[in-house]
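Below: the structure, in structure tokens.
First the proteins, then the strands, lettered A, B, ... as listed; each starts at 1. All of these numbers come straight from a predicted model, not from anything done at the bench.
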There are 2 protein chains.
Amino acid sequence: MDSDATSLGRSALVDETANAIRARIMSGEIPIGAQLRQAELAAQLGISRTPIREALRQLQAGGLIEVLPRRGAVVRVPSPWEVREAYEVRAELEGLACERAVRRVTRTLLDELRQTSEVLRANERPPAPPGPGGPVSPTTIANDRFHTLIHEMAGNERLARTIRDINEAFPRNVSALVLQDDPRHRADNLAEHERIVAALEAEDAKLARREMRDHVLAAGEQLARWYERRTATVFRG
Amino acid sequence: MDSDATSLGRSALVDETANAIRARIMSGEIPIGAQLRQAELAAQLGISRTPIREALRQLQAGGLIEVLPRRGAVVRVPSPWEVREAYEVRAELEGLACERAVRRVTRTLLDELRQTSEVLRANERPPAPPGPGGPVSPTTIANDRFHTLIHEMAGNERLARTIRDINEAFPRNVSALVLQDDPRHRADNLAEHERIVAALEAEDAKLARREMRDHVLAAGEQLARWYERRTATVFRG
DNA sequence: CCTCGCAAAGTTGGATCCATCGTTGGACGC
DNA sequence: GCGTCCAACGATGGATCCAACTTTGCGAGG
């Protein structure tokens with residue numbers, strides 16, 4: 001939506017800094033559990049530590065990082081349990097968004113949703129699974145776009161913001177890794193998306209809600225499993 | 001719950017500062033739309049501007065205040081529309097919490113819920129409606145406790161946190177002013193609480209959810225109306 | 001060889017400094 | 001008398017400074 005500083009003179013270095021750090025955490029460039037050294041970040045961004053510290057406070061408020069007094073900030077390591085809790089909430093909210101979206105659905109929006117499915121179908125066999133820190137894959141972008149479109153269709157900014165806040169509390173957006181790993185998950189994901197679009201087209205609010213709810217819960221379970229495997233790997237070395 | 005700094009050496013001046021400022025905004029001591037001067041807050045709290053600035057960034061992330069570049073921070077003035085949007089989301093989440101609470105309901109917890117109703121019933125005719133900035137009334141405390149108890153019973157921390165985040169985005173918690181104004185609203189509120197408790201006792205999850213949902217929506221509508229009247233008053237002088 | 005302790009290095013966090021920008025009040029000109 | 005311009009004031013925001021704390025590495029002692 002709005003870019004960083006080119007909009008209307010309303011520059012905000014701190015917000016830009018927070019977004020930059022958040023992006024590097026979400027993409028996996030800064031891994032889970034990593035220490036965030038103020039001096040290092042300041043040097044990399046070519047600024048002093050002051051705006052860094054304010055940016056870290058913003059990220060702390062969102063729950064993405066944890067600031068321990070006198071011991072610095074670290075990227076939070078979510079437990080599988082936390083992930084499941086968060087996705088139960090997210091499933092409910094996305095279900096609500098989907099139910100509300102039925103009232104505002106249009107031919108154009110349905111087409112846009114179907115375009116994201118096209119991308120997912122085309123990239124059924126991704127050329128090269130990008131490692132952590134790499135650029136965001138078209139699959140991930142299409143997935144995000146699908147959900148974001150429905151949030152917009154719901155016509156409730158607070159709802160969209162709440163869902164976004166929950167998502168941004170966990171590094172590596174769901175689709176990013178989970179979907180790339182297993183072709184079966186990609187197929188399931190695509191089928192679920194198509195069922196949601198069908199329910200929206202049929203203007204069946206209750207069905208759309210249920211389909212979206214189940215879809216998010218399934219994605220959350222995959223993400224939780226991924227975190228389980230990850231922590232197991234980490235502890236082994 | 002946890003006090004400010006006496007817990008375990010894990011002092012955090014910035015967090016304390018943020019809590020202090022948030023409390024003063026929520027209580028109405030610092031009114032909606034007011035400018036937050038860094039130097040003034042620093043002097044009042046006996047600290048320098050640095051931790052103030054970091055605390056303001058935290059509050060900004062929560063959406064309670066707005067930080068305009070080079071023009072300082074102001075307490076956000078929510079539009080009635082925003083309030084309605086937020087309460088639609090909150091109603092859904094509190095409904096979910098209530099539905100989940102049915103599975104964990106115990107005799108002790110039901111008693112605790114009923115105790116809050118006792119307080120509400122006893123203070124049906126409050127001795128003196130406290131003005132803005134005054135201490136929190138027992139009615140407000142009982143109301144908050146009722147909802148907080150159910151959030152705990154739901155057994156999902158993310159859910160509780162999400163609801164709390166939404167509430168803390170609006171100065172003056174619902175019950176605070178709205179309930180005190182009109183005795184009819186207080187009666188409605190009490191009756192709704194009792195219906196919720198009854199549904200919980202009957203272990204009727206669907207009913208409990210619906211009752212809570214309607215209860216929150218009604219409260220939100222009252223709060224939105226209050227904001228409408230407030231802005232109208234402000235514009236007249 | 002392991003453990004405890006101490007000293008040095010590195011990091012955080014509050015205070016302070018200063019350039020820049022926004023605001024306000026008054027004087028000048030129309 | 002009214003609008004405009006300019007200067008002085010005030011506030012914000014980034015940079016810097018320094019004290020306090022945490023961590024680490026080395027050495028002495030058991």
Quiz prompt | Among B:Arg164, B:Glu157, B:Arg161, B:Glu94, the one residue meeting side chain to side chain contact (heavy atoms under 4.5 Å, CB included) with B:His151 | solution = B:Glu94

When the distance from [atom1] of [X] to [atom2] of [N] is rounded to whole Å, what number comes out?
X	N	atom1	atom2	result
A:Ile52	D:dA15	CD1	P	9 Å
A:Asp15	D:dT12	CG	P	16 Å
B:Arg37	C:dG22	CZ	P	14 Å
B:Ile65	D:dT12	CD1	P	11 Å
B:Glu16	C:dG14	CD	C1'	14 Å
A:Glu54	C:dT12	CD	P	16 Å
A:Ile47	D:dA15	CD1	P	6 Å

Using a strict cut-off of less than 4.0 Å between a Lys/Arg side-chain nitrogen and an Asp/Glu carboxylate oxygen, indicate whether [X] and [Y] qualify as a salt bridge.
X	Y	answer
B:Glu82	A:Arg158	no
A:Arg225	A:Glu221	yes
A:Arg90	A:Glu85	no
B:Glu152	B:Arg104	no

Quiz item: Out of D:dT12, D:dT16, C:dG14, which has the shortest distance to the side chain of A:Thr50?
Solution: D:dT16

Practice problem: Could you please name the option among D:dT12, D:dT22, C:dA15 that lies closest to any side-chain atom of B:Arg70? | Solution: D:dT12

Verify the contact: side-chain N or O of [X] to OP1 or OP2 of [N], cut-off strictly under 4.0 Å; return yes or no.
X	N	result
A:Arg71	D:dT23	yes
B:Ser48	C:dA15	yes
B:Gln38	D:dA11	no

Exercise. Report which part of the nucleic acid A:Leu36 touches: base, sugar-phosphate, or nothing (heavy-atom distance under 4.0 Å, all strands).
Key: sugar-phosphate

Quiz prompt | Contact nearer the 5' end of DNA chain D, comparing A:Arg53 with B:Arg57 | solution = B:Arg57

Quiz item: Between the base of D:dG13 and the side chain of B:Arg49, is there any donor-acceptor pair under 3.5 Å?
Solution: yes

